[in-house]
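Only this structure's heavy atoms are used, side chains among them; waters, hydrogens and symmetry mates stay out. Note that this is a predicted model, so its numbers are computed, not measured.
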Amino acid sequence: MTLNEYLDHYLVPKEMLFFFGLAFACTFFSVLIIVIAARLTSGRIRTANDRVALYDRCRNLAQRYYEMIFSSSSILSFLSAFYLIDRFITDGPFKDFWDAHSDMLLLLMIITSCVINTALDRIIVPLKRVTPEQKGSVRLIAMLYIILIFLYIKYIYENNNYDGFIIYFLGLMVGRFVYFDASFKDFLRSIKEASHNLPLLVLGLTNTGIMCLYGFGTKYLLRSNGVLVSTFFAHVYLIAAIFIIYHTRLIHLFVRKPKTKPLTEQYRKEPDNRYYVEDEDEYYDDDYYDSDDYSDQ
């Protein structure tokens with residue numbers, strides 16, 4: 001198929017609307033499940049501090065889920081580009097250049113995917129409630145996310161086209177855990193931090209499975225492109241759904257934003273006292289609550 005034929009297939013408004021509607025529903029119910037899980041594990045809500053803690057926990061878990069989708073999508077972006085070039089460009093000057101410098105070009109694609117990931121979680125959807133340590137563990141889970149997709153393609157879908165990618169990613173996973181000056185304690189810490197995000201991994205894989213099942217079933221996602229490319233295409237719709245859900249603050253449908261008065265300057269300087277006073281008749285300061293200073297604490 002030519003580029004115009006691909007555009008004519010994918011850019012049908014009705015098909016795009018249905019596929020986006022599915023992506024939005026998957027993301028919406030994922031946030032709902034996250035909030036329900038946070039409520040069930042938080043115990044009784046008795047004080048204003050408890051409500052603030054629950055609200056922060058819900059936002060943190062939801063944003064960690066968003067980060068996992070962003071990270072896996074950025075990985076899929078460069079893998080899809082590499083696969084398409086390697087499969088469809090079979091001759092010509094660019095093919096000769098690709099064969100001679102494919103390793104360096106792959107490194108450039110990896111760097112580009114990191115830039116895409118950073119743009120997604122800092123500019124497009126600023127994830128202020130996720131700490132750098134949590135982002136690192138979530139991105140590690142995203143690599144496992146991709147490997148599980150590869151294993152599904154190989155053993156369930158019975159497609160061996162991605163064996164080289166599987167070996168490559170297993171190497172990246174090992175390198176993430178075992179590096180030059182790493183200790184066994186560092187290894188265990190990485191495992192422990194990553195394990196906290198396993199429920200989000202299951203949630204993300206479920207949504208990806210639903211999207212691909214619908215897409216391949218309706219033939220909106222083309223098998224001729226490769227399963228990997230079609231999976232990336234599904235993630236583009238998930239990112240669009242996350243963008244809308246984040247910026248419309250639909251999470252407030254599930255968990256009420258706490259009401260309390262702003263922190264005093266003394267409390268702002270003391271991280272241990274960052275929670276608000278127990279006065280439900282006062283309103284907190286939106287600008288301070290959503291500030292980078294508070295999120296960094």
Side-chain angles (χ1 to χ4, degrees), residues 1-3 5-7 9-11 15-16 19-20 22-23 26-27 67-90 94-95 98-99 102-103 105-117 120 138-173 176 201-242:
M1 294 177 66
T2 65
L3 177 60
E5 288 174 332
Y6 278 122
L7 293 177
H9 173 81
Y10 284 121
L11 299 183
E15 297 295 333
M16 293 177 66
F19 205 59
F20 173 75
L22 179 61
C26 287
T27 306
E67 176 64 27
M68 185 186 68
I69 296 298
F70 293 161
S71 184
S72 59
S73 299
S74 65
I75 294 172
L76 285 170
S77 68
F78 85 81
L79 289 176
S80 298
F82 188 90
Y83 172 78
L84 290 173
I85 292 172
D86 194 57
R87 175 178 174 181
F88 291 107
I89 299 180
T90 57
F94 184 78
K95 176 61 175 177
W98 175 260
D99 290 339
S102 59
D103 292 338
L105 292 173
L106 178 59
L107 178 60
L108 180 60
M109 288 179 182
I110 293 174
I111 294 173
T112 302
S113 74
C114 293
V115 173
I116 292 172
N117 198 166
L120 286 171
V138 169
R139 290 177 180 180
L140 178 60
I141 285 294
M143 296 178 69
L144 178 59
Y145 181 103
I146 299 300
I147 287 177
L148 291 175
I149 290 175
F150 280 147
L151 293 178
Y152 171 83
I153 293 172
K154 179 175 178 61
Y155 294 107
I156 306 299
Y157 189 69
E158 297 182 350
N159 186 323
N160 297 323
N161 292 334
Y162 303 102
D163 287 358
F165 287 149
I166 293 174
I167 298 299
Y168 170 75
F169 255 88
L170 286 175
L172 282 181
M173 287 284 288
R176 175 62 177 81
L201 172 66
V202 174
L203 196 59
L205 287 172
T206 301
N207 288 337
T208 299
I210 293 172
M211 295 286 292
C212 289
L213 183 64
Y214 173 84
F216 289 127
T218 60
K219 301 193 185 308
Y220 182 64
L221 297 180
L222 299 175
R223 296 181 185 273
S224 59
N225 284 345
V227 179
L228 191 65
V229 178
S230 295
T231 304
F232 168 68
F233 196 71
H235 275 69
V236 172
Y237 279 84
L238 288 173
I239 290 173
I242 288 172

Residues 76-85 vs side chain to side chain donor-acceptor pair (under 3.5 Å), sequence neighbours excluded, gives Tyr83-Arg87
Set out, in order, the CA-CA distance, both residues' side-chain angles and the distance that settles side chain to side chain contact (heavy atoms under 4.5 Å, CB included) for Leu79 and Phe232, then state yes or no. CA-CA 9 Å; Leu79 289 176; Phe232 168 68; over 6 Å; no
Results of side chain to side chain donor-acceptor pair (under 3.5 Å) for Thr208 - residues two or more places apart only: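 So Thr208 forms a side chain to side chain donor-acceptor pair (under 3.5 Å) with Tyr145.
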Could you pull out all residues at least two apart from Tyr237 that satisfy side chain to side chain donor-acceptor pair (under 3.5 Å)?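 Once residues adjacent in sequence are excluded, the partners of Tyr237 under the side chain to side chain donor-acceptor pair (under 3.5 Å) criterion are Tyr220.
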How about [X] and [Y]: do any of their side-chain heavy atoms sit closer than 4.5 Å?
X	Y	result
Thr231	Leu221	no
Ile85	Lys95	no
Met211	Phe19	yes
Tyr152	Val227	no
Val229	Leu222	no
Leu140	Leu144	no

Residue from Leu203, Leu201, Asn207 passing side-chain contact (heavy atoms from CB on, under 4.5 Å) with Leu205: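 With Leu205 as partner, Leu203, Leu201, Asn207 yield a single side-chain contact (heavy atoms from CB on, under 4.5 Å), made by Leu201.
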Look at the side chain of Ser72 and the backbone N and O of Ile69, then say whether any donor-acceptor pair between them is shorter than 3.5 Å. yes
Treating Ser71 as the side-chain partner and Met68 as the backbone partner, does any N or O pair qualify as donor plus acceptor under 3.5 Å? no
Suppose we screen for side-chain contact (heavy atoms from CB on, under 4.5 Å). Which residues come up paired with Ala81, at least two apart in sequence or across chains? Met109
How would you list, by chain and number, every residue that makes a ring-ring contact (aromatic ring centres under 6.0 Å, His included) with Phe82, sequence neighbours excluded?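 With neighbours one apart ignored, the set is Trp98, Phe165.
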Check the pair Leu238 / Ser73 against side chain to side chain contact (heavy atoms under 4.5 Å, CB included), numbers first and verdict last. CA-CA 9 Å; Leu238 288 173; Ser73 299; over 6 Å; no
Which atom pair, heavy atoms only, marks the closest approach of Met16 to Leu11?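 Met16 and Leu11 have their closest heavy atoms at SD-CA, 3.5 Å.
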Looking only at heavy atoms, what is the nearest atom pair of Ser230 and Phe216, with distance? CB-CZ, 3.6 Å
How many angstroms lie between [atom1] in [X] and [atom2] in [Y], if you round to the nearest 0.5 Å?
X	Y	atom1	atom2	result
Arg139	Ile75	CZ	CD1	9.5 Å
Ile147	Leu151	CD1	CG	7.0 Å
Glu67	Leu120	CD	CG	8.5 Å
Thr112	Leu105	OG1	CG	10.0 Å

Would Leu228 and Phe233 count as a side chain to side chain contact (heavy atoms under 4.5 Å, CB included) here? Give the steps. CA-CA 9 Å; Leu228 191 65; Phe233 196 71; over 6 Å; no
